[in-house]
Amino acid sequence: MAEIVVSAFFSLFFDKLASEALNKIARAKGIESELKKLKRSLIQIKNLLYDASRKELTDEAVKEWLNGLQHLAYDIDDVLDDLATEAIEHELTEKSGSTSSKVRKLIPTCCTNFSLSSRMHGKLDDIATKLQELVDAKNNLGLSVITYEMPKVKRYEASLVDARAIVGREGDKNALVQKLLGGHDESSSQNFSIVPIVGMGGVGKTTLARLLYDEKDVKDYFKVRAWVCVSDEFDIFSISKVIYQSVTGETKEFTDLNLLQEALREKLKDKLFLIVLDDVWSKSYADWDKLVSPFLVGAPGSRIIMTTRKEQLLRKLGYADLVPLPSLSHDDALSLFAQHALGVDNFNSHPTLKPHGEGFVKKCDGLPLALIALGRLLRTKKDEEEWKMLLDSEIWRLENADEILPALRLSYDDLSASLKQVFAYCSLFPKDYLFNKEELIQLWMAEGFLHYSTTRKSMERLGVEYFEELVSRSFFQHSSDDKSLFMMHDLMNDLAMLDIGMKEYSRKEALPKHRHISFVCEEYMAYKRFKLVKGARSLRTFLALSVGVVQSWGIFYLSNKVINDLLQELPLLRVLCLSDLSISEVPEVVHSMKHLRYLNLSRTQITNLPENVCNLYNLLTLIVFGCKYLVKLPENFSKLKNLQHFDIRDTPLLKKMPLGIGQLKSLQTLSKIIIGGESGFAITELKNLQNLQGKVFIEGLGNVENAMDAREANISQNRLSELVLNWGYGFNVSQTETHEKEVLNELKPHNGTLEKLGIESYRGIEFPTWIGDPSFCRLTKVWIDGCEECTSLPRLGQLPSLKELIIGEMSKVKVVGLEFLGTDLAFPSLEILRFKSMSGWEEWSTNSGAFPCLQELRIEYCPNLVRVEVEALPSLRFLKLKKCGHGVLRSLVDVASSLTNLEIYDISGLTDELWRGVIGYLGAVEEISIIGCDDIKYVWESEAEASKVLVNLKMLALRKCENLVSLGEKEEDNSGSSLTSFRELGVSDCNSLKHCSCPNNMEDLYLRRCDSITSVSFPAGGGQKLESLTITDCKKLLEKELGRKDKTRVLINSKMQMLESIIIANWPNLKSISELSCFIHLNTLYISKCPGIESFPDHEFLNLTSLKDLTIIDCTSMDSSFPRGLWPPKLCYLNIGGLKKPISEWGPQNFPTSLVSLGLYGGPSDDVKNFDQLSHPLPSSLTTLYINGFEKLESVSTGLQHLTSLQRLIIQKCPKTIDLPEKLLPSLLVLRVEGCANLKERISRGGSYWPHISLIPCITTEDSVSLMSMNNSKYHITREKALTHVSGIDQNCDFIKT
């Protein structure tokens, strides 16, 4: 690594030393002679570098010499950067008037105080001494001057074969497809079986799994599929979450594993699923058992493909005869190698290279990853001598061959020093980390890796070339799920780690010589995690990384004080990324980081960028994307003359552009542009931003007074990938519809790069012809919204690549027909189509063959749409209609034979008779949601009749159907036995429903706020498959008893032994729960606000061995003997209180050691004043403690000292509480205090507790904004990763990861 850093630095040094501006400052400081001496010494050192790079592989002394030079190179760069920055400041001062006190106030005193010249003299003298020592050591090390010139690479124009092209796996694929499609495995005791793909790294396991996953027969057979990259950390929560998101398409957040797996189980129930667990390293049978518990309810014949390098777990699971995926045969390997080395699959046209090619194939041992990487290396080399030289390289004999394939290392060694440096930088990313091309290039720029002195290429262009070179050589590869993102194969990540000497270890000492640090964000991050950064004053990179997709509401909590304290010690930062952290203001110290090139504050809670940020003269990238509360930018933006990327997307409160931003001619990214308004920014200023590219949102186009101004902006000069044109809500009555059309016409973007286009609040009557022009061949998404004056839609049907189209709020459009489609096949690629708020729309017609790929259709708030003449929609799977007429529904289900999901909301005139006509077309439908359809009284005539049509129905949701009386009009004795596929029923806010007769195979029943319902029943002996029951706010239910052994007609009885979750709330008539011990699978029991319950069988708790989550609150009549002190043995989460017996009278409680979260609720008779009256004692395993509603509680400072694992403390509605457990406070991750007036001041900034709590990542009160996840006042433990291990390097290296 040292040689890479040094080589990359040297050309940069010589350019800086040749700068006239820098030399002017040097003359003013009297250090000109020192810089000349520095240059001479650097030339001497540079001449030794090639020889040193050859010898460092085998000579430890030379390696140490290079390490010393590496660290000195960083010091030299810091000194020269100081001078270059001061040159920029001096130039700014001269332009503004050197005597201007106003300007001087804006320039840091450290940069105007020339008394620091003596310090600069000292630094240069120290550097000169160390350089001379390195020069003098050359003889002892045997280093000599060797001239080396990199051979010129000849590029051939033949197209490269796809890096993922598959050779020699057809037989493996066919054999595995048969296993996948072979139906239920009789040898397996479970509904699913595992199809293992075992083999060493690089053999092609993932590629083969992807081939199987995308095989058409497999996709058709398994309707539910999910792919998870597991890697070396077997994180059950993360894996389950990815599977849930893949299966449902939802981004729902879960507070703990139990809730997540319950939800996943419901989604997999009776479904034939295929799940790929890629790259499994775990050997733990226990972890596997926890992971697969939701899979057990899937349909027989379900499959899990597991790819792994390790066989131990599979053997524990009973897979004894494992056959590792073999390496490619010699012929297949030679063919694959030839594809990537020569562009053809054989050596017929290069016979002299074939012997060497066979030698490489032999050394690669048939591993596809090695063959591809090595082939791409040789793609640019056609000389036989070059092939021979590489074949004879020493790299094949290195000791680390077992860990890093020599072929990969050889490919790496062939990279230039610059490419090695940018690739090694990626070692900061954890394995399986997905990164964006543009963001990575911006990081490289900030670190100074993209030096362009010998070429006229911009840094950006050079970065693109570096990136594409690494992709072409297989160092980077596309993500299989999102082609816009990239990742490194595990072996490539290992290679990057190896090169910089990175290793796993645990250490406490400071790391003064390290230059780069990255850390993976967690929900709550304590100060102790960052202790190793203290003293690392040479850091150039402080990079917060978010693994996976961060939702818009997601945030990572880290104390502002921790951030401020850390950054105070990092004056040399080039890269500072605080993305997604819970900071509300830009740290004060940032403005003094004069070396800073990259500042990322995206998705933080900041409200403004302070004025002094404009003192960061070297800043290249500034990101405030997703800062929802940002309202103000600094005024002096023109000082940031080096700024190239300014991302202000998704900042809804920002209404003003900063002054002078149009003068920043280097800008390539300016993602939001506000025309006119408070800033007075003119559209003509865009003409100066000739390098603008990427994503651009232009707001306020209604302020453009002259179409010629739009022409002058010359937006077509910019190569944009996404363009949103927004006219705003103001209206200038002097501007005609013709004017608006002329403005839009002049804003035509470049058609060769645009991928997404949005037009919002446009006021013209019609659209210019460029919108929908087929020449926009890369356009995949279009949305047109709020264009209320338009009377017709543009001709979008001929866009060849369009996949998603959204049309909304165009009330004057009456007909959508041929003018929308065009003359040829219409919308050949469209998959998603949405119409919304088209109040004047009356007619929709299509021609034959239109929408062949349409999968999702939504029509919402189109009440006048009456005539629908749509041809067949063979691919349609999802249909949502809201606030439309019933004729639209009937017309669409008639042409959508493959529909599987139907959602209807407020469909006018949809009577029972009309609905039953619709049902006849729903034979393939699996899920139906009916909301706000007040004319429906019965969902079906009888269950027997419904079962003849709804043969695939699995889920039915009914909500706000005011006149719904029951599911079936005719009640039958055998009711419940016909709908064999039916599994889930949810009914809420249906106030006329009096009785609910549930189908026999029901697994999930949800009833909420049905004011008239008096009874719920299953057929005799039915309900045995019920797994989840939720009944809340159904106050007229007559049932008084649950759980009786001798009664099968009660709602919950002993026959329902599959029950896993029971949630009951606000059921006044319920008097008793008789028996629970028969529910051996029960893991969640929630009872709240049931004041009539008198008896509860808590003596059976010890038999509930699966129960993990228990809540019993506000049941004021519950038997006074409860609780007796014994609890379920595996209980993890308990919320209890508001019962007949006050908590203070409970006596000793035998809480299990598994308990991690406890919520205690006070009642009217609780007179507890001191918390040690409640502790009983509490188990030391607790990580979360929630105290609520103890009106007389004064002190919680005692009774908690033994809770050394406590991470979250929540106190609510305890108005007399005056103190906190002081010793526990510093170790907390969350402190929440609400409704505690006496504590409010003490925990505020400056209060008496502030010194103890200032490092807590998340502190919330009723006056603060909290993004904590809460669920029915239940606080569950959140996964916390171990913070004791840090990835780092010895003191001679410069990268660390946490």
Result of checking Glu89, Lys639, His591 against Asn615 for side-chain hydrogen bond (donor to acceptor under 3.5 Å, both in side chains): Lys639
Glu447 and Tyr425: CA distance, side-chain angles, deciding distance, side chain to side chain donor-acceptor pair (under 3.5 Å) verdict: CA-CA 9 Å; Glu447 300 289 0; Tyr425 186 75; 2.8 Å; yes
Whether Ser518 side chain and Leu428 backbone form a donor-acceptor pair below 3.5 Å: yes
Whether Tyr74 and His516 hold their rings parallel, tilted or perpendicular, with breakpoints at 30° and 60°: perpendicular
Point-to-point distance, once rounded to the nearest 0.5 Å, from CG of Leu659 to CZ of Phe681: 11.0 Å
Spatial distance of atom CZ (Arg711) from atom NZ (Lys687) [nearest 0.5 Å]: 14.0 Å
Donor-acceptor contact below 3.5 Å, side chain Ser559 vs main chain Ser1254: yes
Ile88 to Lys641 - nearest heavy-atom pair and separation: CG2-CE, 4.4 Å
Minimum heavy-atom distance between Ser582 and Asn560, given as atom pair plus value: O-OD1, 4.2 Å
Test item: Asp647 side-chain N/O and Lys695 main-chain N/O as donor-acceptor pair under 3.5 Å: no
Exam field: side chain Asn23 to backbone Ala26, donor-acceptor pair closer than 3.5 Å: no
From Ile648 atom CD1 to Thr669 atom OG1, the distance as rounded to the nearest 0.5 Å: 11.0 Å
Pair Glu588-Asn564, side-chain donor/acceptor within less than 3.5 Å: no
Thr541 side-chain N/O to Leu543 backbone N/O, donor-acceptor pair under 3.5 Å: no
Heavy-atom check, side chain of Leu664 versus side chain of Asn688, under 4.5 Å: no
Note: Lys656-Glu635 ion pair, threshold 4.0 Å (strictly below): yes
Side chain proximity check, Glu34 to Lys123, heavy atoms < 4.5 angstrom: no
Arg1245 backbone acceptor or donor facing Trp1250 side chain under 3.5 Å: no
Side chain to side chain donor-acceptor pair (under 3.5 Å) evaluation trace for Ser579 with Ser602: CA-CA 5 Å; Ser579 176; Ser602 60; 2.8 Å; yes
Student check: side-chain heavy atoms of Asn608 and Pro610 closer than 4.5 Å: yes
Shortest non-hydrogen contact from Ile517 toward Leu539: CG2-CD1, 3.6 Å
Arg540, Arg574, Lys594 screened by salt bridge (charged side-chain N to carboxylate O under 4.0 Å, His left out) with Asp81, the one that passes: Arg574
Within-4.5 Å side-chain heavy-atom neighbours: Leu576 and Val590: yes
Side chains of Ser546 and Asp580, donor plus acceptor under 3.5 Å: yes
Spacing of CD1 belonging to Ile127 relative to CD1 belonging to Ile76, to within rounding of 0.5 Å: 5.5 Å
Stepwise side-chain contact (heavy atoms from CB on, under 4.5 Å) check, Gln690 with Asn714: CA-CA 9 Å; Gln690 298 178 8; Asn714 194 17; over 6 Å; no
Pair Phe519 and Phe542, ring centroids less than 6.0 Å apart: yes
Thr684 versus Glu712, closest heavy-atom pair with distance: CG2-OE1, 3.6 Å
Residue pair Thr621 / His645, side-chain donor-acceptor N/O under 3.5 Å: no
Ring-ring centroid check Tyr466 Phe423, cutoff 6.0 Å: no
Thr651 and Lys672, any side-chain heavy atoms less than 4.5 Å apart: yes
Lys655/Glu699 under side-chain contact (heavy atoms from CB on, under 4.5 Å): CA gap, chis, key distance, verdict: CA-CA 9 Å; Lys655 300 300 181 183; Glu699 181 180 336; 3.8 Å; yes
Contact check, side chains of Glu86 and Leu22, non-hydrogen atoms, under 4.5 Å: no
Candidate list Asp77, Thr85, Asn618, Asp82, test side-chain hydrogen bond (donor to acceptor under 3.5 Å, both in side chains), partner His595, passing option: Asp82
Ser458 (side chain) donor-acceptor with Arg461 (main chain) under 3.5 angstrom: yes
Test side-chain contact (heavy atoms from CB on, under 4.5 Å) applied to Ile555 and Leu581, step by step: CA-CA 6 Å; Ile555 199 165; Leu581 299 184; over 6 Å; no
pair Asp650-Lys628: side-chain heavy atoms closer than 4.5 Å: yes
Close side-chain approach of Tyr557 to Ile1256, heavy-atom, < 4.5 Å: no
Nearest non-hydrogen partners of Leu80 and Leu35, listed with the distance: CD2-CD2, 4.2 Å
Asn642 side chain vs Tyr617 backbone, donor-acceptor pair below 3.5 Å: yes
Side-chain (Asn726) to main-chain (Gly728) donor-acceptor, under 3.5 angstrom: yes
Between CG on residue Leu622 and CG on residue Leu667, distance to nearest 0.5 Å: 10.0 Å
Test log, rule side chain to side chain donor-acceptor pair (under 3.5 Å), inputs His750 and Gln717: CA-CA 7 Å; His750 190 280; Gln717 71 180 332; over 6 Å; no
Closest approach of Leu654 to Ile674 (non-hydrogen atoms, all atoms of both residues): O-CD1, 3.4 Å
Whether Phe435 and Tyr433 hold their rings parallel, tilted or perpendicular, with breakpoints at 30° and 60°: parallel
Distance, nearest 0.5 Å, that separates CD of Glu522 from CG of Leu558: 11.0 Å
Flag, side chain of Asn436 to backbone of Leu485, donor-acceptor distance under 3.5 Å: no
Verdict with supporting geometry, Gln693 and Glu460, side-chain contact (heavy atoms from CB on, under 4.5 Å): CA-CA 11 Å; Gln693 58 187 8; Glu460 196 84 25; 3.9 Å; yes
Lys437 atom NZ: more than 12 heavy-atom contacts under 6.0 Å: yes
Salt bridge present between Arg27 and Glu20 (N-O < 4.0 angstrom): yes
